[in-house]
J.: 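Can you keep this structure in mind? I'll have questions shortly.
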Amino acid sequence: MGMTIAEKILAANSGHDSVVPGQLLEVSTSWVLCHEITTPAALRMLEERGMNRVFDPERIVAVPDHSVPAMNIKAAKMYQKLKSWVHENGIRHFFDVGRGGIAHVVLENTGLIKPGETLVSGDSHTCNAGALGAFATGVGSTDLAGAIYAGKVWFKVPETMLIRVTGEMQPGTTPKDIVLEVIKRIGADGANYMVMEWVGDTIDRMDMEGRFTLTNMAIEAGGKTGIVAVDDVTRDYLAARGVTPDQYTEFTSDPDAHYKVVIDVDASKVEPTVAYPHIPSNGRVAGSDKIAVTHAYVGSCTNGRISDLREVANILRDRKIADGVQMIVVPATQAIWKQAAQEGLMEIFVDAGASVSYPSCGACLGMHSGVLGPGDVCISSSNRNFVGRMGDPSAEIYLASPATVAASAVNGFISDPRDFLAAGAAD
């Protein structure tokens with residue numbers, strides 16, 4: 001029997017000719033991604049055992065992003081711990097505050113992580129990098145410590161779910177709507193410990209930013225990671241970052257590879273979708289209910305890229321955010337912030353009444369820059385809407401595409417972005 005992309009990558013990085021789901025492997029880690037929240041705990045484990053080393057300072061990427069610039073003394077100490085460790089160990093790939101942004105989006109743009117490689121981090125959205133044809137996943141602090149010290153981690157080979165997306169997406173529908181539709185169908189644990197492999201002509205036409213959104217949210221369905229095979233879109237993206245095909249290995253799934261589950265999605269029938277509280281699988285068509293919102297949030301490793309900001313600007317241009325709505329826009333990286341400014345997007349946001357913040361995880365995880373208070377209702381382009389995720393446990397979080405967030409901010413209630421496209425055409 002043949003193997004899937006993920007199985008081939010795990011085999012290649014563990015010294016095996018072939019592997020099967022359920023097999024336990026010691027896998028070499030090509031890269032370890034570290035930020036200031038989970039890394040200090042891993043470092044303490046190593047220090048307590050006198051294991052103060054890194055397996056390869058050239059293979060570690062450090063990006064403080066969750067609570068920076070520091071909001072309190074505790075956050076400042078965690079940042080200091082990461083920074084001092086970076087300097088003590090000669091870690092060159094350090095994207096400090098003012099030079100980086102959200103770790104996953106910073107990494108995807110560096111050209112460091114390549115197809116066929118493995119990546120681990122103490123962050124569940126590490127699966128983001130799977131869009132590059134790599135095996136990327138989040139691990140706990142103990143496994144992170146092992147990866148930092150030895151450059152290896154134990155994995156059970158996951159089963160794979162094939163998600164076949166075909167057809168043209170209708171105007172107003174985005175990759176975020178596609179992934180919310182899939183999670184709605186299979187449930188928040190529907191891909192438990194599986195690889196979510198995305199294929200189909202819709203994916204073939206999708207740009208890399210859209211693909212990152214798909215793989216980023218694999219964890220919201222319980223997935224181990226998401227993955228997309230390398231094609232010309234991937235190669236062009238890497239080439240723009242100075243990476244040539246001789247620097248990486250492309251893997252494709254065999255025709256007779258085994259898939260535990262196969263999901264078919266007709267993209268032409270997917271509508272703008274909103275995940276209602278308090279779980280990403282609780283999806284409904286945007287605008288089904290005109291629920292009043294107090295907050296609108298655009299950002300996160302899922303949807304804080306330049307294409308996302310352009311979607312928002314297209315709706316906010318020459319419009320105002322509704323009274324009583326606080327809108328925050330967070331570009332995912334310094335580079336994206338700069339590009340948005342150069343394109344005039346920042347002026348559109350400010351003129352509409354939005355607050356533009358500095359690149360970071362921001363309010364996504366309820367730690368910083370826009371935390372929700374009691375009874376707040378937020379529509380967000382982030383990835384999770386669990387109770388208390390963005391602040392007070394009584395707050396309600398609705399997940400949607402950046403376009404849907406912008407439309408809702410203008411109307412003051414959850415809205416279908418297609419209404420704004422129609423209005424624009426009429427004008």
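For this chain, numbers begin at 1 and follow the sequence in order.
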J.: Is there a side-chain contact between Glu343 and Ile306 in this structure, where contact means two heavy atoms from C-beta onward sitting under 4.5 Å apart?
T.: yes

J.: Enter the distance from Leu82:CG to Ile37:CD1 here, rounded to the nearest 0.5 Å.
T.: 10.0 Å

J.: Please report the interatomic distance OG1(Thr160) to CD1(Ile227), rounded to the nearest 0.5 Å.
T.: 8.0 Å

J.: Any luck finding a side-chain donor-acceptor pair between Asp123 and Ser121 under 3.5 Å?
T.: no

J.: Is a donor from one side chain sitting under 3.5 angstrom from an acceptor on the other, for Tyr79 and Asp96?
T.: yes

J.: Measuring from Ile113:CD1 to His104:NE2, what's the distance to the nearest 0.5 Å?
T.: 12.5 Å

J.: Any side-chain heavy-atom pair from Glu36 and Ser67 closer than 4.5 angstrom?
T.: yes

J.: Hey, could you give me the CG/CD distance between Asp416 and Glu271, rounded to the nearest 0.5 Å?
T.: 7.5 Å

J.: Is the closest side-chain donor-acceptor distance between Tyr358 and Ser369 under 3.5 Å?
T.: yes

J.: Could you tell me whether Lys269 and Glu181 make a salt bridge, using a distance below 4.0 angstrom between a side-chain N and a carboxylate O?
T.: no

J.: Determine whether more than 12 heavy atoms belonging to other residues, nucleotides or ligands lie under 6.0 Å from atom CG of Asp264.
T.: yes

J.: Can you spot which of Val243, Val230, Thr244 makes a side-chain contact (heavy atoms from CB on, under 4.5 Å) with Arg235?
T.: Val230

J.: Using a distance-only test with no angle check, is there a side-chain donor-acceptor pair under 3.5 angstrom linking Glu220 and His125?
T.: yes

J.: For Ser380 and Arg389, which I'm curious about, is there any donor-acceptor pair between the side chains at under 3.5 Å?
T.: no

J.: Whether Asp308 and Lys176 form a salt bridge (side-chain N of Lys/Arg under 4.0 Å from carboxylate O of Asp/Glu) is what I want to check.
T.: no

J.: Just checking, is any N or O donor in the side chain of Glu197 or Ser253 under 3.5 Å from an acceptor N or O on the other one?
T.: yes

J.: Is the centre of the Phe251 ring less than 6.0 Å from the centre of the Phe135 ring?
T.: no

J.: Answer whether the closest heavy-atom distance between the side chains of Asp143 and Trp154 falls below 4.5 Å.
T.: no

J.: So that I can tick it off, tell me whether Asp231 and Arg211 are bridged by a salt bridge, with the cut-off set at under 4.0 angstrom between side-chain N and carboxylate O.
T.: yes

J.: Is His66 reaching over with its side chain to a backbone N or O of Ala75, donor-acceptor style, under 3.5 angstrom?
T.: no

J.: Scan side-chain atoms only and decide if Ser381 and Asn303 contain a donor-acceptor pair under the 3.5 Å cut-off.
T.: no

